[in-house]
Amino acid sequence: QVQFVESGGGLVQPGGSLRLSCTASQNIRSIYTMGWYRQAPGKQRELVARITGVTTTNYADSVKGRFTISRDNAKNTVYLEMNNLKSEDTDIYYCNIAGGIWGQGTQVAVSS
């Protein structure tokens with residue numbers, strides 16, 4: 001079963017930017033829909049952004065206009081470009097597919 005490794009998180013000031021990467025253990029060309037999720041300790045995991053095919057995208061209302069999801073099938077990688085970050089974006093970010101195995105995620109912390 002495909003597994004994912006997330007990277008690119010870190011500490012950033014409010015208003016800053018980060019680019020997260022999610023690399024799959026196998027070719028993702030046949031994986032139609034992939035998503036980025038986030039979860040804070042003690043809270044439910046929520047869908048942040050989803051990409052279907054190459055160009056169809058959906059976003060949570062809280063990140064619309066600030067986050068952009070994209071994929072590079074040749075690199076087996078899905079990206080999440082995050083701009084104008086806010087303190088409430090602080091979470092662990094994961095990528096996954098429906099029914100997939102959750103990875104370790106990457107920590108994003110937004111603080112001054």
Side-chain angles (χ1 to χ4, degrees):
Q1 193 169 2
V2 61
Q3 295 182 325
F4 302 100
V5 177
E6 302 90 348
S7 62
L11 174 63
V12 63
Q13 292 186 341
S17 299
L18 284 173
R19 187 194 196 202
L20 305 184
S21 299
C22 166
T23 302
S25 59
Q26 62 190 57
N27 194 294
I28 64 171
R29 290 181 190 276
S30 62
I31 300 175
Y32 197 51
T33 300
M34 298 186 68
W36 278 98
Y37 301 78
R38 65 186 181 187
Q39 184 175 27
K43 293 189 177 181
Q44 266 195 321
R45 191 172 282 146
E46 64 169 343
L47 178 65
V48 175
R50 178 173 54 206
I51 184 164
T52 300
V54 179
T55 59
T56 301
T57 57
N58 302 95
Y59 299 92
D61 288 342
S62 58
V63 307
K64 278 181 182 176
R66 301 188 297 120
F67 289 13
T68 303
I69 187 172
S70 62
R71 64 192 290 170
D72 186 337
N73 288 343
K75 295 182 178 180
N76 297 327
T77 300
V78 179
Y79 302 98
L80 185 67
E81 185 77 33
M82 306 188 296
N83 297 312
N84 190 21
L85 283 161
K86 305 176 181 180
S87 58
E88 51 263 42
D89 295 318
T90 295
D91 268 324
I92 300 175
Y93 286 72
Y94 306 84
C95 69
N96 210 342
I97 59 175
I101 299 172
W102 293 101
Q104 296 297 309
T106 185
Q107 174 73 58
V108 171
V110 184
S111 175
S112 54

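Quick note: residue numbers are just sequence positions, from 1. Note that this is a predicted model, so its numbers are computed, not measured.
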Could you tell me whether Lys86 and Asp89 have a side-chain N and a carboxylate O separated by less than 4.0 Å?
->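 So Lys86 does not pair with Asp89 through a salt bridge.
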Interatomic distance, [X] atom [atom1] to [Y] atom [atom2] [nearest 0.5 angstrom]:
X	Y	atom1	atom2	result
Thr57	Lys64	OG1	NZ	10.0 Å
Thr68	Met82	OG1	CE	11.0 Å
Ile51	Tyr59	CD1	OH	7.0 Å
Arg66	Leu85	CZ	CG	6.5 Å

Non-hydrogen atoms of [X] and [Y] that approach each other most closely:
X	Y	answer
Glu6	Tyr94	OE2-CA, 3.5 Å
Thr77	Ser21	CG2-CB, 4.2 Å
Pro14	Ser111	CD-C, 3.6 Å
Arg29	Asn73	CG-CB, 3.8 Å
Lys43	Gln39	O-NE2, 2.9 Å

Are [X] and [Y] packed together at the side-chain level, in the sense that at least one heavy-atom pair is separated by less than 4.5 angstrom?
X	Y	result
Leu80	Arg38	no
Ile69	Met34	no
Val12	Ser17	no
Phe4	Val78	no

Trp102 ring center within less than 6.0 Å of Tyr37 ring center |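 Ring centroids of Tyr37 and Trp102 are less than 6.0 Å from each other.
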Sort out for me which residue in Tyr79, Trp36, Phe67 forms a side-chain contact (heavy atoms from CB on, under 4.5 Å) with Leu20.
->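 Per the side-chain contact (heavy atoms from CB on, under 4.5 Å) rule, the option paired with Leu20 is Trp36, out of Tyr79, Trp36, Phe67.
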Do you know which of Asp91, Thr90, Leu18 makes side-chain contact (heavy atoms from CB on, under 4.5 Å) with Val108?
->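 The passing option is Leu18.
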Do the side-chain N and O atoms of Thr33 and Thr52 include a donor-acceptor pair separated by under 3.5 angstrom?
->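 Looking only at side-chain atoms, Thr52 and Thr33 do form a donor-acceptor pair, the distance falling under 3.5 Å.
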Step through the shown structure and confirm whether more than 12 heavy atoms of other residues, nucleotides or ligands are within 6.0 Å of CD on Gln104.
->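 Result for CD/Gln104: open.
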If you count the non-hydrogen atoms of other residues, nucleotides and ligands that lie under 6.0 Å from CD in Gln44, is the total more than 12?
->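 Not more than 12 within 6.0 Å, no.
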Report yes or no: does Asn76 contribute a side-chain atom to a donor-acceptor pair with the main-chain N or O of Ile28 at less than 3.5 Å?
->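 Yes; judged by distance alone, with no hydrogens or angles, the pair exists.
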ILVMFWY network linking Val48 to Ile31, side-chain heavy atoms under 4.5 angstrom |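 Same hydrophobic cluster.
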Is it true that Leu11 and Ile92 fall in one hydrophobic cluster, defined by side-chain heavy atoms closer than 4.5 Å?
->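 Looking at the clustering, Ile92 is in a separate group from Leu11.
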